[in-house]
Enquirer: 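Just dropping this structure here.
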Amino acid sequence: MHTRVRVPDFGGKKRRGEKIVMLTAYDATMASLFDQSGVDALLVGDSLGTVILGHEDTLQVTLEAVVHHTRAVISGARRALVVADMPFLTFQVCVAAAVRNAGRLIQEGGAAAVKIEGGRPSLSVVKRLVDIGIPVMGHLGLQPQSVHQVGGYRRRATDPAGAEALLTDAMALQEAGAFAVVLEAVPPDVARSVTQHLVIPTIGIAAGPHCDGQILVSYDMLGLSADSAPPFVQPYARIADTIRSATQAYAADVRAGRYATPGAAGVAVAASN
Ligand code: KIV
């Protein structure tokens, strides 16, 4: 029986120099596998819009969808801390709505913390949530909810002014009470500098090796989103190929009338089902 990872453990890991391992998760089966593999925290990211629902971006993801998927992830995760993303327009309208919506992710979804995109513009929300006991993970650098404003998914903080602004935002989030901050698509030396200035951990994605932890979209890490994974991702498996070849073998067996006989191609474990 493993002890559940808690929000204060994030700071402890940074102080001890232990890297924090994060992945996104959207369902109970995968959450359970990641949990069994020792992942420290699972993010029910609004990337579920693109990864699971087939949308072009994350902007159509609703609070209901994140609550729904968070409940699934919670039932698969025994040890990992579960963080739920606040989708577009669930925290930007006003602090009161943000409190209600974050409250639903905790109360109905079962998450232990929420993640919010943005630096200084999001501070009043971050402060209020932390004040009422809802832990907040910040998200700086590339912010997918601002895709139209920026004109695409571009690397951020690539010049000295951008790097300075990123550090100011990160310090402000820390001051507001965020317990960690995701740094997405920023240069490694900028991520290192922010990491050195902060007491709270940084969690990098496409930000080099110097952050206190790393997160990837799990489908990219597993090679499941083979045709759409961003170029920076180094897959650790080629699950899409495995699924395609297993499905082709199954289809061939069914069409040849071999399913389900001892001569069918299915692996041994399938026979016991
Ligand atoms: O929605 C998401 O999956 C994210 C991570 C990529 C950080 O925000």
Side-chain angles (χ1 to χ4, degrees), residues 10 19-27 30-31 34 39-63 65-70 72-73 77 80-92 101-102 105 109 111 113-119 122 126 136-147 150 152-157 166 169-170 173 178-186 191 194-195 200-208 211-222 224-225 228-235:
F10 267 55
K19 293 277 191 187
I20 298 164
V21 182
M22 285 192 71
L23 279 174
T24 64
Y26 316 98
D27 67 74
M30 294 285 245
F34 298 147
V39 169
D40 297 311
L42 296 172
L43 170 69
V44 186
D46 61 1
S47 52
L48 80 86
T50 49
V51 174
I52 303 296
L53 304 175
H55 298 164
E56 203 168 299
D57 53 44
T58 61
L59 299 178
Q60 296 167 53
V61 173
T62 60
L63 187 72
V66 180
V67 168
H68 178 84
H69 285 270
T70 302
V73 167
L81 181 91
V82 175
V83 182
D85 227 347
M86 294 201 69
F88 181 56
L89 285 192
T90 63
F91 63 91
Q92 292 94 338
N101 293 333
L105 294 170
V114 298
K115 178 168 80 59
I116 290 181
E117 289 187 14
S122 305
V126 175
V136 178
M137 177 176 280
H139 184 156
L140 298 173
L142 191 163
Q143 295 162 40
Q145 292 175 19
S146 303
V147 59
V150 177
Y153 297 109
R154 297 174 197 286
R155 290 185 71 70
R156 309 309 304 270
L166 183 82
D169 278 334
L173 282 171
F179 72 96
V181 58
V182 170
L183 300 179
E184 179 163 0
V186 302
V194 173
T195 300
I200 59 172
T202 57
I203 309 293
I205 172 164
C211 290
D212 299 301
Q214 295 286 337
I215 185 165
L216 277 179
V217 169
S218 48
Y219 278 43
D220 294 343
M221 185 278 283
L222 293 171
L224 246 174
S225 43
S228 57
F232 70 84
V233 173
Q234 179 198 329

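As the structure lists them, so they are numbered: ligands from 1, and atoms in each ligand from 1.
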Enquirer: Picking from Q214, M221, M30, what satisfies side chain to side chain contact (heavy atoms under 4.5 Å, CB included) with L23?
Expert: M221

Enquirer: We want to know whether Y219 and S47 form a side-chain donor-acceptor pair, criterion being a heavy-atom distance below 3.5 angstrom.
Expert: no

Enquirer: Identify, with sequence neighbours excluded, every residue that meets salt bridge (Lys or Arg N to Asp or Glu O under 4.0 Å) alongside D169.
Expert: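 Per chain and number, D169 pairs via salt bridge (Lys or Arg N to Asp or Glu O under 4.0 Å) with R120.
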
Enquirer: Suppose we screen for side chain to side chain contact (heavy atoms under 4.5 Å, CB included). Which residues come up paired with H68, at least two apart in sequence or across chains?
Expert: none

Enquirer: Please tell me whether S225 and D220 have a donor and an acceptor in their side chains that are separated by less than 3.5 angstrom.
Expert: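 S225 vs D220: donor-acceptor pair found between side chains.
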
Enquirer: Tabulate distances under 3.5 Å between N/O atoms of ligand 1 and N/O atoms of the protein, writing both atom names on each line.
Expert:
from: ligand 1; atom 1: 1 (O); to: D46; atom 2: N; distance (Å): 3.2
from: ligand 1; atom 1: 1 (O); to: D46; atom 2: OD1; distance (Å): 3.0
from: ligand 1; atom 1: 1 (O); to: S47; atom 2: N; distance (Å): 3.0
from: ligand 1; atom 1: 1 (O); to: S47; atom 2: OG; distance (Å): 3.4
from: ligand 1; atom 1: 1 (O); to: D85; atom 2: OD2; distance (Å): 3.2
from: ligand 1; atom 1: 3 (O); to: S47; atom 2: OG; distance (Å): 2.5
from: ligand 1; atom 1: 8 (O); to: K115; atom 2: NZ; distance (Å): 3.0

Enquirer: How would you list, by chain and number, every residue that makes a side chain to side chain contact (heavy atoms under 4.5 Å, CB included) with V21, sequence neighbours excluded?
Expert: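 V39, D40.
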
